[in-house]
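To start, the structure under review is shown below, and the notes come after it.
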There are 2 protein chains.
Amino acid sequence: MSTRNFNFSAGPATLPLPVLEQAKEDFLCYPGAGASIMEISHRTKTFLNVLDEAKSNIKELLGMSDDYCILFTPGGATMQFTMLAMNFLNGASADYLHVGTWATKAIQGASPHGTVRKAWSGKEDNFNRLPADDELDLDPQAAYVHFTSNETIQGIQFSRESQVNGKDLFCDASSDFLSRPTDMNKYALLYAGAQKNIGPSGTAVVILRKDLLERVPEGLPPLLDYKVLYDNDSLYNTPSTFTIYIIGLVSRWLLKTVGGLEKMHAINKNKAALLYDAIDNSQGFYKGHALPEYRSLMNVAFRLGSEELEGKFIAEATAAGLDGLKGHRSVGGCRASIYNAMPTEGVQALADFMKEFQRVKG
Amino acid sequence: MSTRNFNFSAGPATLPLPVLEQAKEDFLCYPGAGASIMEISHRTKTFLNVLDEAKSNIKELLGMSDDYCILFTPGGATMQFTMLAMNFLNGASADYLHVGTWATKAIQGASPHGTVRKAWSGKEDNFNRLPADDELDLDPQAAYVHFTSNETIQGIQFSRESQVNGKDLFCDASSDFLSRPTDMNKYALLYAGAQKNIGPSGTAVVILRKDLLERVPEGLPPLLDYKVLYDNDSLYNTPSTFTIYIIGLVSRWLLKTVGGLEKMHAINKNKAALLYDAIDNSQGFYKGHALPEYRSLMNVAFRLGSEELEGKFIAEATAAGLDGLKGHRSVGGCRASIYNAMPTEGVQALADFMKEFQRVKG
């Protein structure tokens with residue numbers, strides 16, 4: 001069998017090795033089930049326990065109150081762009097922070113369902129920074145304010161929630177979910193496609209303040225109706241059971257092995273510093289995309305002096321077992337995604353490789 | 001590690017053991033990827049090959065012409081109930097064959113999107129039979145005619161396509177997809193939630209005659225727009241990559257190990273006969289739900305003399321390693337789901353158990 005690389009893919013992304021090893025061990029026969037977890041009904045006691053553990057781990061990690069519920073929805077964040085607008089925009093107006101490519105997609109997804117105002121846009125700055133709170137042009141009548149907490153393609157991340165006083169804050173946290181302590185009380189709705197920080201692709205996790213369910217209009221398609229999903233505990237139809245199972249294992253790993261989100265955050269800060277230091281100490285050989293103040297702890301986007309050099313960098317890194325470093329096709333360059341599951345060892349190996357590559361080619 | 005039962009669950013359902021063994025072997029490190037297939041981008045060459053193989057296997061199994069395309073959609077068949085109506089009903093009228101619980105759900109899903117006519121209903125007969133072609137009350141103006149080829153809960157199955165001359169035939173084949181030869185030229189659209197015959201839950205396979213794409217209205221949510229999915233080869237967003245991977249392995253198993261759909265059908269007929277013979281030779285100890293002419297080869301639904309006896313039957317069968325035999329919560333009784341992946345050995349074990357249980361309790 002071949003060996004595992006350090007996998008810097010932006011998503012689907014690397015998963016914690018102990019999670020994969022556990023899932024592999026139980027792959028043919030989940031304990032007590034006499035079958036793979038993939039092969040049993042979502043209504044069995046065995047699967048309901050898996051679902052409950054995934055929810056209770058996430059609840060504990062975030063210190064969530066009972067005012068919130070956790071839903072597993074069909075499709076990923078892209079489906080949420082549409083779904084949240086069908087449920088809560090619904091002909092009204094909402095404010096969106098236009099902070100990068102994923103914010104653009106969230107805006108596109110919502111636009112057919114009401115008025116989408118851009119409360120701020122970083123487009124003129126090529127999305128290399130984020131707004132200060134006093135730069136936001138907020139509409140007091142907005143149904144909600146939507147922001148993207150981390151932009152994978154531009155590599156920028158809010159270091160804290162924006163202050164949107166009195167307004168319901170919606171957050172696409174797909175690429176930094178469970179990567180740091182998060183005060184859920186600041187949010188009305190927070191969602192994340194699974195395939196970056198918490199599992200394989202195929203579902204999104206949605207955390208919703210329950211009073212919002214009263215605003216859901218009648219007549220939505222049932223699978224796009226948060227109230228239907230809530231009333232059925234995400235089991236209106238057969239959900240993506242294997243994805244939920246892996247989410248349960250990843251959240252258990254965060255809780256029991258890592259020791260919670262404070263510790264995860266410290267590890268993530270340390271990992272990101274290794275790469276940003278390599279960039280900052282390179283005398284311009286590597287150039288980070290984001291302004292330093294807005295740098296993402298999850299996705300480190302950088303360029304080299306030429307596309308040719310970038311091609312060599314990526315090819316030699318891949319040959320050295322450092323994979324997935326090609327920047328998104330929309331912007332080019334290089335990108336290292338270093339989500340929760342990327343070990344410090346992998347990041348250190350990349351930082352070392354960057355220095356060596358510069359020494360030889362610089 | 002515990003041992004595998006024979007798993008008669010109606011879905012998610014048992015998968016071919018060689019498929020699970022292969023997936024387990026490659027679980028940490030897919031050949032050439034340096035990572036699990038779950039951990040790599042859906043836009044890598046490695047995953048595109050997986051996607052292409054899944055499609056080409058299905059195409060070969062069905063002998064499909066290039067007039068059709070294969071899509072992998074978010075959510076399962078329940079999402080398709082809504083999606084196909086948003087795309088092709090869209091305020092017009094369509095005919096539905098009301099043949100069981102899943103047909104009822106398909107009708108419910110479509111109803112908000114136009115006029116849904118019941119061209120026939122088996123409700124008065126408690127869904128124990130299917131219509132003859134001349135019983136159908138078809139509307140020549142219908143946008144399409146929709147039927148459910150196999151009803152898992154009632155255990156009835158069309159042995160062939162209904163004749164709906166000149167009309168576009170839509171089929172929910174979730175529970176008998178790839179279980180027998182199927183002439184795709186008779187269909188305009190055929191879809192299947194993955195979790196019965198071809199993989200884990202999390203996606204549906206949709207086969208669509210390409211000329212239908214011209215009828216898709218403007219302005220649908222992108223993930224619910226067949227044209228968007230077709231134009232992006234099912235990669236508009238991150239699809240359920242692990243589910244598609246397993247579908248690729250299952251379809252390869254059907255093609256290479258089983259030897260195609262004629263052979264699969266012969267095996268399935270033989271398996272079903274073992275159980276129906278046990279019922280028919282029981283002097284009424286076991287009573288099949290379906291009228292014999294309409295019996296499903298996939299789901300064998302039967303009752304015993306009392307709920308108490310059924311409870312004992314299910315408990316003792318489970319203890320004997322024959323799991324998942326409880327009938328659907330909506331109808332009670334017993335049900336053995338014997339999709340493609342259930343080996344003849346498992347069905348024989350159940351038939352033997354049924355005889356022995358009757359000998360002791362009868």
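Reminder, nothing fancy here: chain letters follow the sequence lines and each chain counts from 1.
- Chain B forms more heavy-atom pairs under 4.5 Å with one residue of A:Gly75, A:Ala13, A:Pro200 than with any other, namely A:Ala13.
- Of the listed residues (A:Ile40, A:Leu17, A:Asn7), the one with the most heavy-atom contacts under 4.5 Å to chain B is A:Ile40.
- Classified by interplanar angle (parallel below 30°, tilted 30° to 60°, perpendicular above 60°), the ring pair B:Phe242/A:Phe242 is parallel.
- With respect to chain B, the highest number of heavy-atom pairs below 4.5 Å among A:Pro221, A:Ser9, A:Pro12, A:Gly202 belongs to A:Pro12.
- No donor-acceptor distance shorter than 3.5 angstrom exists from the side chain of A:Arg4 to the backbone of B:Cys29, with no hydrogens or angles considered.
- The backbone N or O of A:Gly34 lies less than 3.5 Å from no partner atom in the side chain of B:Asp323, so there is not a single donor-acceptor pair.
- The two residues B:Glu39 and A:Leu20 have their closest heavy-atom pair at OE2-CD1, 3.4 Å.
- With chain A as partner, the option from B:His113, B:Lys105, B:His42, B:Met79 having the largest number of non-hydrogen pairs under 4.5 angstrom is B:Met79.
- Both the backbone and the side chain of B:Ser240 come within contact range of chain A, with heavy atoms under 4.5 Å apart.
- Interface residue A:Glu21: backbone and side-chain heavy atoms are both found under 4.5 Å from chain B.
- Per-residue heavy-atom pair counts under 4.5 Å with chain A were compared for B:Ile246, B:Thr44, B:Leu223, and the maximum is reached by B:Leu223.
- Across A:Gln195, A:Met83, A:Lys326, the residue that shares the most heavy-atom pairs under 4.5 angstrom with chain B is A:Gln195.
- Proximity to chain A (any heavy atom under 4.5 Å) is shown, for B:Ala35, by both the backbone and the side chain.
- Within the 4.5 angstrom heavy-atom criterion, only side-chain atoms of B:Thr82, from C-beta onward, approach chain A.
- In terms of heavy-atom pairs under 4.5 Å with chain B, the best-connected choice from A:Thr73, A:Thr243, A:Thr78 is A:Thr78.
- Within 6.0 Å of atom CZ in A:Phe353, more than 12 heavy atoms from other residues, nucleotides or ligands are found, so the atom counts as buried in its surroundings.
- The side chain to side chain donor-acceptor pair (under 3.5 Å) test with A:Ser201 is passed by exactly one of B:Thr238, B:Thr241, B:Asn237: B:Thr241.
- Chain B forms more heavy-atom pairs under 4.5 Å with one residue of A:Ala341, A:Gly193, A:Pro239 than with any other, namely A:Pro239.
- A:Glu25 has no carboxylate O lying under 4.0 Å from a charged side-chain N of B:Lys24, or vice versa, which leaves the two without a salt bridge.
- The part of A:Leu224 that comes within reach of chain B is its side chain, from C-beta onward, which places non-hydrogen atoms under 4.5 angstrom from that chain.
- Of the atoms belonging to B:Ala23, heavy atoms from both backbone and side chain fall under 4.5 Å from chain A.
- Neither the backbone nor the side chain of A:Phe47 comes within less than 4.5 Å of any heavy atom in chain B.
- For A:Phe72, there are no ring-ring contact (aromatic ring centres under 6.0 Å, His included) partners at least two apart in sequence or on another chain.
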